[in-house]
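Notes follow once the structure below has been shown.
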Amino acid sequence: MRVSRLMLVTLRDDPAEAEIPSHKLLLRAGYIRRIGSGIYAYLPLLWRVLQKISAIVREELNAAGALETLLPQLQPAELWQRSGRWAGYTDGEGIMFHLEDRQGRELGLGPTHEEVITALASDLLRSYRQLPVNLYQIQTKFRDEIRPRFGLMRGREFIMKDAYSFHADEACLKQTYAAMDQAYRRIFSRCGLRAVAVEADSGAIGGSASQEFMVTADAGEDLILASTDGRYAANQERAVSLPAEAVPLPGGARSAGSGEALATPAQTSIEQLCEAHGFHPSQTVKVLLLLARFEDGCQQPLLVSLRGDQQLNEVKLANAVTARCSADHGTLLDIAPLSAEAATREGLSALPLGFMGPHLEDAVLSGAASWTPRFLRLADATATALEAFVCGANTTDTHLVGAGWGALCPAPDSLDLRAAQPGDRCQHDPRQQLEASRGIEVGHIFQLGRKYSSALEATFTNEAGQDEPLWMGCYGIGVSRLAQAAVEQHHDANGICWPTAIAPYELMLVIANAADAEQVALAERLYEQFGAAGVEVLLDDRSERAGVKFKDADLLGIPWRVVVGRGAATGMVELVERASGEKREIPAAEVQAALLERLLPERSGLVAA
RNA sequence: CGGGAUGUAGCGCAGCUUGGUAGCGCACUUCGUUCGGGACGAAGGGGCCGCAGGUUCGAAUCCUGUCAUCCCGACCA
């Protein structure tokens with residue numbers, strides 16, 4: 001391809017709309033254009049990158065025995081109503097674009113395809129003899145994100161590879177899950193990415209085990225906690241750790257009872273309380289008041305106890321609440337802190353906010369206009385493990401010292417609701433600490449179990465002749481996000497440095513002076529030869545000055561460059577590697593062999609980065 | 001949705017405080033000189049100043065509303 005025919009428009013200044021390096025560079029180098037918030041046009045150069053990534057994904061998934069397919073993006077509401085996700089995905093903060101057709105039937109634009117694929121599976125998969133099956137597609141997804149961000153990182157329309165597997169039993173599911181884990185590692189490695197696999201929460205998709213693949217980058221939206229020995233890594237929303245030991249309360253367990261009142265005027269926070277009376281935060285129990293809203297309209301007040309020095313992990317809390325309530329009330333829509341104003345609106349008398357203890361009685365909720373008049377009481381293990389502690393007295397300006405579970409009130413079940421923090425000791429080896437880094441989630445694999453197949457009655461007949469729900473797994477890769485993540489990980493002050501395996505072209509052939517007939521003739525000859533040798537070559541034939549072409553070549557990030565310039569008269573050209581900047585003067589007759597020697601191993605993407 | 005900010009030429013910005021009918025750099029077109037790291041000179045083209053109301057003799061500028069975009073939180077590939 002000739003640059004003069006490429007519709008290439010590069011920008012000298014960073015566009016004001018972009019914040020992170022990869023987004024700025026993709027815009028500046030002419031790879032993408034914004035059409036609307038979270039909606040981007042993939043220009044010809046980026047489309048080549050996406051095609052290359054897709055090709056790698058196809059090769060690896062096909063090798064793992066998966067079948068490519070293409071499912072509809074327009075999906076009937078009925079399918080989603082049967083799985084129980086229509087309301088959650090369309091009401092309130094739901095992310096599904098939805099519409100009505102001319103008959104008034106509701107449809108959604110697919111944010112994911114569990115429903116469709118499960119319906120197909122129940123139609124087509126009748127016998128254990130057909131299993132296992134693993135289907136995938138590479139396709140545009142639509143999600144009405146609450147906040148689109150950072151170009152392709154979080155778009156409302158984006159390209160995703162999603163795969164779904166079906167099994168006769170859990171062991172077989174685990175086998176495919178492991179195979180996909182391996183395929184994913186190869187895919188990211190071949191794309192030239194440094195990616196780490198971390199334990200993850202399974203979120204709205206549901207199911208049991210799940211693992212995310214993170215491209216490490218400072219601009220990443222997720223916080224990863226990993227042990228220094230590399231044996232444990234998890235997304236912070238999922239991470240577990242050993243909390244610091246609590247500092248025993250002076251007087252200790254002997255005095256533990258219903259506690260002694262202590263005047264604590266206006267000391268509503270743990271910091272103020274500890275500073276005023278010399279307590280250590282780990283000697284206190286803090287009590288959080290929140291409200292959970294469910295699909296069926298139920299509004300359940302939550303009373304959550306944590307040790308004072310710990311932070312609440314909202315994902316763990318949401319999972320605990322879902323486990324206790326969703327059988328009765330459907331999907332959990334959200335959990336939000338309960339404010340004094342909200343309590344007043346409910347017609348309740350003032351709650352002792354800032355001075356609450358775990359023994360706060362349900363009576364304070366009596367007369368609530370729309371809330372369930374009974375707390376769901378939850379406690380983190382760090383709180384229930386305290387023998388004697390300081391907590392609010394449920395009376396303004398008063399705390400209790402030396403209170404203990406049992407005497408004060410029964411201890412709720414011990415749960416893990418705390419957020420693991422960098423510096424915490426690891427569970428697998430207390431000598432190891434957790435370290436934080438940031439990551440971009442480019443892939444996620446789940447063992448779904450039988451959640452969707454049960455809801456949609458997708459069953460098969462087992463060897464014993466009985467019907468049972470299919471076991472399912474699902475596996476996603478954000479293809480367009482991966483392309484940008486690659487730029488985030490591979491760029492320098494001058495522009496992008498694509499890994500060869502996903503670069504839009506492999507070689508940029510630059511004519512330094514397009515007015516010099518000798519240079520043009522030599523470059524044209526080389527262009528022919530490289531093309532014939534199967535090298536993906538871009539010829540910069542524009543009548544720009546050499547400096548402009550060099551700047552653009554750096555910005556575009558094509559991994560190899562051959563410059564035909566003043567050496568052309570004596571048959572010499574220059575071979576340059578973009579990433580390292582390494583340059584060699586070399587006879588034109590030898591340049592193809594020299595390039596191929598380096599290029600061929602890079603194509604597979606499996607060389608050391 | 002809550003909090004913050006910005007809308008002026010394709011891109012980056014000034015002008016607004018103190019109203020008088022729009023400017024700079026890059027990009028684009030033509031000509032000349034240049035020609036290995038974003039050249040120089042000359043001449044040009046391109047803007048209902050986001051949109052709608054209002055105040056005023058007169059609004060990019062002041063007021064009201066509205067829309068859009070971006071940033072910080074909940075969502076996720």
Side-chain angles (χ1 to χ4, degrees), chain A residues 9-20 23-24 27-28 30 33-39 53 57 88-89 92-96 111-112 138-163 184 200-205 212-215 221-222 235 237 314-315 318 333-337 339 439-446 474-485 494-495 510-516 519 543-555 561 563-568 573-574 576 581 583:
Chain A
V9 178
T10 58
L11 305 174
R12 199 175 290 217
D13 300 309
D14 286 332
E17 72 192 54
E19 198 76 6
I20 62 173
H23 188 196
K24 289 178 181 171
L27 284 164
R28 278 190 58 205
R33 280 283 161 139
R34 188 177 64 78
I35 301 302
S37 177
I39 305 172
I53 295 169
V57 168
Y89 268 68
E93 310 241 300
I95 58 164
M96 182 152 59
T112 176
I138 297 174
Q139 187 202 49
T140 297
K141 293 282 185 283
F142 298 90
R143 291 185 188 171
D144 193 0
E145 291 287 342
I146 301 162
R147 183 149 92 89
R149 245 196 291 214
F150 303 146
L152 306 183
M153 287 295 192
R154 180 174 298 282
R156 296 196 295 168
E157 179 180 329
F158 62 98
I159 299 175
M160 175 165 152
K161 185 288 298 178
D162 47 330
Y184 271 41
D201 183 73
S202 24
I205 306 284
E212 290 168 337
F213 293 85
M214 298 281 193
V215 169
E221 294 185 278
D222 291 279
N235 193 313
E237 19 178 82
E314 293 180 23
V315 174
L333 297 180
D334 64 28
I335 295 180
S339 64
I440 301 163
E441 183 188 346
V442 290
H444 200 160
I445 59 177
F446 301 82
C474 83
Y475 319 90
I477 290 179
V479 173
S480 45
R481 177 184 283 182
L482 189 157
Q484 187 170 335
N494 296 317
V510 177
I511 309 174
N513 183 355
D516 181 326
Q519 292 184 19
S543 54
E544 294 287 347
R545 297 164 59 87
V548 172
K549 295 186 188 180
F550 294 151
K551 287 286 185 192
D552 274 346
D554 286 346
L555 186 59
R561 182 157 87 218
V563 182
V564 180
R566 39 188 185 218
V573 298
E574 192 178 64
V576 187
K583 293 180 188 176

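Below, read A as the first sequence line, B as the second, and so on, with proteins coming before strands; counting in each chain starts at 1.
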When rounded to the nearest 0.5 angstrom, what is the spacing between [atom1] in [X] and [atom2] in [Y]?
X       : Y       : atom1 : atom2 : result
D552(A) : R28(A)  : CG    : CZ    : 9.0 Å
T10(A)  : D554(A) : OG1   : CG    : 12.0 Å
R143(A) : Y89(A)  : CZ    : OH    : 6.5 Å
D201(A) : E212(A) : CG    : CD    : 8.5 Å
F213(A) : E441(A) : CZ    : CD    : 10.5 Å
L555(A) : R12(A)  : CG    : CZ    : 11.5 Å

Distance check: side-chain N/O of [X] vs OP1/OP2 of [N], anything under 4.0 Å?
X       : N      : value
R12(A)  : G12(B) : no
R545(A) : A39(B) : yes
S480(A) : A77(B) : no
R147(A) : C70(B) : no

Nearest-Å distance once atom [atom1] is located in both [N] and [M]:
N      : M      : atom1 : answer
A59(B) : G54(B) : C1'   : 11 Å
G7(B)  : U66(B) : C1'   : 13 Å
G25(B) : A39(B) : P     : 16 Å
G15(B) : U21(B) : C1'   : 13 Å
A9(B)  : C28(B) : C1'   : 11 Å

Under 3.5 Å for both donor-acceptor distances, Watson-Crick or wobble: does [N] have a partner, and if so which one?
N      : answer
C26(B) : G10(B)
A52(B) : U64(B)
U33(B) : A39(B)
G46(B) : none
C16(B) : none
G73(B) : C1(B)

Taking only the side-chain heavy atoms of [X] (C-beta and beyond), determine which of [options] contains the nearest atom.
X       : options                : result
S37(A)  : C70(B), G12(B), G36(B) : C70(B)
H444(A) : A77(B), A74(B), C72(B) : A77(B)
E441(A) : G37(B), C76(B), C75(B) : C76(B)
A546(A) : G36(B), A74(B), C70(B) : G36(B)
V548(A) : A27(B), A39(B), A77(B) : A39(B)
F446(A) : G37(B), C11(B), A77(B) : A77(B)
E221(A) : G36(B), C13(B), C75(B) : C75(B)

Counting the atoms with a prime plus P, OP1 and OP2 as sugar-phosphate, which does [X] contact under 4.0 Å by heavy atoms, base, sugar-phosphate, or nothing?
X       : result
I146(A) : base
D552(A) : base
E212(A) : nothing
D554(A) : base
A16(A)  : sugar-phosphate
Y475(A) : nothing
E17(A)  : sugar-phosphate
D222(A) : base
G443(A) : sugar-phosphate
G495(A) : nothing
R149(A) : base

(message) What is the separation between atom CG on D13(A) and atom P on G38(B), rounded to the nearest whole Å?
(response)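 Going from D13(A) (CG) to G38(B) (P), I get 16 Å.
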(message) Measure OH/Y184(A) against P/A77(B) and give the value in whole Å, please.
(response)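 Value for this atom pair: 10 Å.
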(request) List the steps, then state whether side-chain contact (heavy atoms from CB on, under 4.5 Å) holds for M153(A) with I20(A). (result) CA-CA 10 Å; M153(A) 287 295 192; I20(A) 62 173; 4.2 Å; yes
Side-chain donor or acceptor of [X] under 3.5 Å from a matching atom on the base of [N]?
X       : N      : answer
R561(A) : G37(B) : yes
E574(A) : G36(B) : yes
R154(A) : C76(B) : yes

(request) For the pair V510(A) and R561(A), evaluate side-chain contact (heavy atoms from CB on, under 4.5 Å) and give the outcome as yes or no after the intermediate values. (result) CA-CA 7 Å; V510(A) 177; R561(A) 182 157 87 218; 3.8 Å; yes
(request) May I ask whether F158(A) stacks on the base of A77(B), given the cut-offs of 5.5 Å between ring centres and 30° between planes? (result)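 Ring-base stacking flag set for F158(A) and A77(B).
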